[in-house]
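Accompanying notes for the structure given below.
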Number of protein chains: 2
Amino acid sequence: MMHEVIAWGCMSESPRRRIPEAALGRLPIYLRILVELGHENVAQASSEQLAELAGVNAAKVRKDLSYLGTYGTRGVGYEVQFLTVQIQRELGLNQAWPVVIVGAGNLGQAMANFTGIAERGFHIVGVVDKDESKIGTQVGGVSVTHVDSLTQLVQLHKVSIGIITTPAAHAQDAADSLVRAGIGSIMNFAPTILSVPRDVHVRKVDLALELQILSYYEDCRNGNLRDVPTDGRIDPVSA
Amino acid sequence: MMHEVIAWGCMSESPRRRIPEAALGRLPIYLRILVELGHENVAQASSEQLAELAGVNAAKVRKDLSYLGTYGTRGVGYEVQFLTVQIQRELGLNQAWPVVIVGAGNLGQAMANFTGIAERGFHIVGVVDKDESKIGTQVGGVSVTHVDSLTQLVQLHKVSIGIITTPAAHAQDAADSLVRAGIGSIMNFAPTILSVPRDVHVRKVDLALELQILSYYEDCRNGNLRDVPTDGRIDPVSA
DNA sequence: TGATGTGAACCCATTCACAGCC
DNA sequence: GGCTGTGAATGGGTTCACATCA
């Protein structure tokens, strides 16, 4: 048995990714929990405990962690410190990632000041904007510079991740600037589908999206059953 | 045939949900696109066009929209205005949802000022904090009040959705306050698993999570193959 | 003709259940 | 005995392909 398992590494556009997307999305959650447990000087944790804290079930925790390697101890559990490092390594967090923010508005400031970002290995090396009135102001420990300085900033600090916090109308411009500067991945807060070269990763965070889903559930809870569609279709109560 | 299809409405904890979670999560995306198309006076759109704009494939668009009802026209496509209203209705967005924000920090301010929220039918009726120095300041058109006024605020405006933008350490307190005030759904920005009664919906937005996933992909792209696990397991290059 | 709507097939993710090891 | 690691079973979501209808 060995099928076509080529290597342990991941490849950016590999047809066969090692860690399933769904599991990958949960690794940061486990990581956060492990770091917290570490702060509380907890040395060991079982999949049951981790599952409880993560709000998932134990089998999923074990399956997810098994993609990383055999890091648990049967009959005991996982060593918190060790597993923390393994997940960090897997996520590429064993290095400080320099990040630039495009858009010095409220959200840009919030991201720049967000301690959770710095705590988890990301370092804001620049905030740029094209609004002259914002340039020179201090945001999250750096001063805002003009968007034209982006390329210079990116090359100087070897930045490969950019965050777009501009209004939707300027998001594509921001993305173009980032791509021109040579960025490889973009976290986009603007409610816009960005058009970028195929080799640039974009992850979109839609701040209103979750609210809209909540409103669906709230509407349901309040007993406001959805209206019947307005065309000819009728609720088939009986055959 | 009629199984137990009771009605077209959804129920908060119904064992048989009408719209699959995955499709529900895409409705806000289609909605945003449709609204934009509407602004550009586009009258009709095919599943192909919508798919292109949403970054998914056409079959998925059709399947997703089919959960709402039969709103397309074969051989033609979907009527933008009509479909917009249908999705809004389905998401419960045919009403203005009052919302409160707990935490008047950077992120709270960003959310309160975020025009995308107001544009999509949400109305910030209050921002509360427990830091005396913030109370009275203006944020997004309302003045910050003390967290003790939460219950009053919620009852006065019949609020059922709350947003937590406090530091992680205070998030559980914030959630408790919201629950005590009678809120039904919570959007949580703090990187914390909240403990709430079973009938309260919580959706978590982890701002650092997406960054951590990006760093994984960046690490891969840069050719930094994942290290081999440090235990005895070796890459099985050949049988 | 051309695009929707939808069973059926497929594929990925979750869960189960237990062998294997501490 | 207890907990991990993992094949196998299950279930949900995606995609295919085509019947259907304007």
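So you know, we letter chains A, B, ... as the sequences are listed, proteins then strands, and number each from 1.
- Taking atom CG of D64(B) as the reference point, atom P of dG13(D) lies 10 Å away to the nearest angstrom.
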Please output the side-chain donor-acceptor pairs of residues 161-174 of chain A that fall under 3.5 Å, not counting sequence neighbours, one pair per line with the distance.
from    : atom 1 : to      : atom 2 : distance (Å)
T165(A) : OG1    : V102(A) : O      : 3.2
T165(A) : OG1    : G103(A) : O      : 2.7
T166(A) : OG1    : A171(A) : N      : 3.4
Q172(A) : OE1    : S195(A) : N      : 2.9
Q172(A) : NE2    : D176(A) : OD1    : 2.9
Q172(A) : NE2    : S195(A) : O      : 2.9

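- By the side-chain contact (heavy atoms from CB on, under 4.5 Å) test, A118(B) is found to be paired with no residue, residues two or more places apart in sequence or in another chain being considered.
- With sequence neighbours excluded, the residues forming a side-chain contact (heavy atoms from CB on, under 4.5 Å) with T84(A) are L31(A), L34(A), V35(A), V80(A), Q88(A), listed by chain and number.
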Could you list, one pair per line, each protein nitrogen or oxygen that sits under 3.5 Å from a nitrogen or oxygen of nucleotides 9-11 of chain D, together with the distance?
none

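- Counting to the nearest Å, the P atom of dG13(D) and the CG atom of L27(B) are 13 Å from each other.
- One distance of note links CG of L68(B) with CG of L83(B); it measures 7.0 Å at 0.5 Å rounding.
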Could you pull out the protein-nucleic contacts involving nucleotides 7-13 of chain C (nitrogen or oxygen on both sides, under 3.5 Å)?
none

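- What separates CD of E79(B) from P of dA3(C) is a distance of 17 Å, to the nearest Å.
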Provide a list of protein-nucleic acid N or O atom pairs under 3.5 angstrom, restricted to nucleotides 20-22 of chain C.
from    : atom 1 : to     : atom 2 : distance (Å)
dG20(C) : N3     : R74(A) : NH1    : 3.1
dC22(C) : O4'    : R74(A) : O      : 3.1

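- For the segment residues 37-51 of chain A, the set of residues with a heavy atom within less than 4.0 Å of an atom of DNA chain D comprises S46(A), S47(A), in numerical order.
- No donor-acceptor pair closer than 3.5 Å links the side chain of W97(A) to the backbone N or O of I124(A).
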Under 3.5 Å, side-chain donor or acceptor atoms of residues 52-62 of chain A against the rest of the protein: list the pairs with distances, not counting sequence neighbours.
from   : atom 1 : to     : atom 2 : distance (Å)
N57(A) : OD1    : A59(A) : N      : 3.3
N57(A) : OD1    : K60(A) : N      : 3.0
R62(A) : NH1    : S47(A) : OG     : 3.1

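- The OH-C1' distance, from Y78(A) to dC3(D), rounds to 9 Å in whole Å.
- Both N57(A) and G77(B) sit near DNA chain C, but only G77(B) has its closest nucleotide nearer the 5' end.
- Between Y71(A) and dC3(D), a side-chain N or O to OP1/OP2 separation shorter than 4.0 Å is absent.
- Residue I87(A) holds its CD1 atom at 12.5 Å from OH of Y216(B), rounded to the nearest 0.5 Å.
- Among residue pairs with one or both ends in residues 74-83 of chain A, none qualify as side-chain hydrogen bond (donor to acceptor under 3.5 Å, both in side chains); sequence neighbours excluded.
- With sequence neighbours excluded, the residues satisfying salt bridge (Lys or Arg N to Asp or Glu O under 4.0 Å) with R203(A) are E21(A), E210(B).
- Using cut-offs of 30° and 60° for the angle between ring planes, the Y71(A) and F82(A) rings count as perpendicular.
- The side-chain hydrogen bond (donor to acceptor under 3.5 Å, both in side chains) search around N188(A) returns none, not counting sequence neighbours.
- In this structure, the separation between CG on L214(A) and NE2 on H201(B) is 8.0 Å, given to the nearest 0.5 Å.
- Rounding to the nearest 0.5 Å places CG of L50(B) at 7.0 Å from CG of L65(B).
- With rounding to whole Å, R62(A) atom CZ is found 11 Å from dC16(C) atom P.
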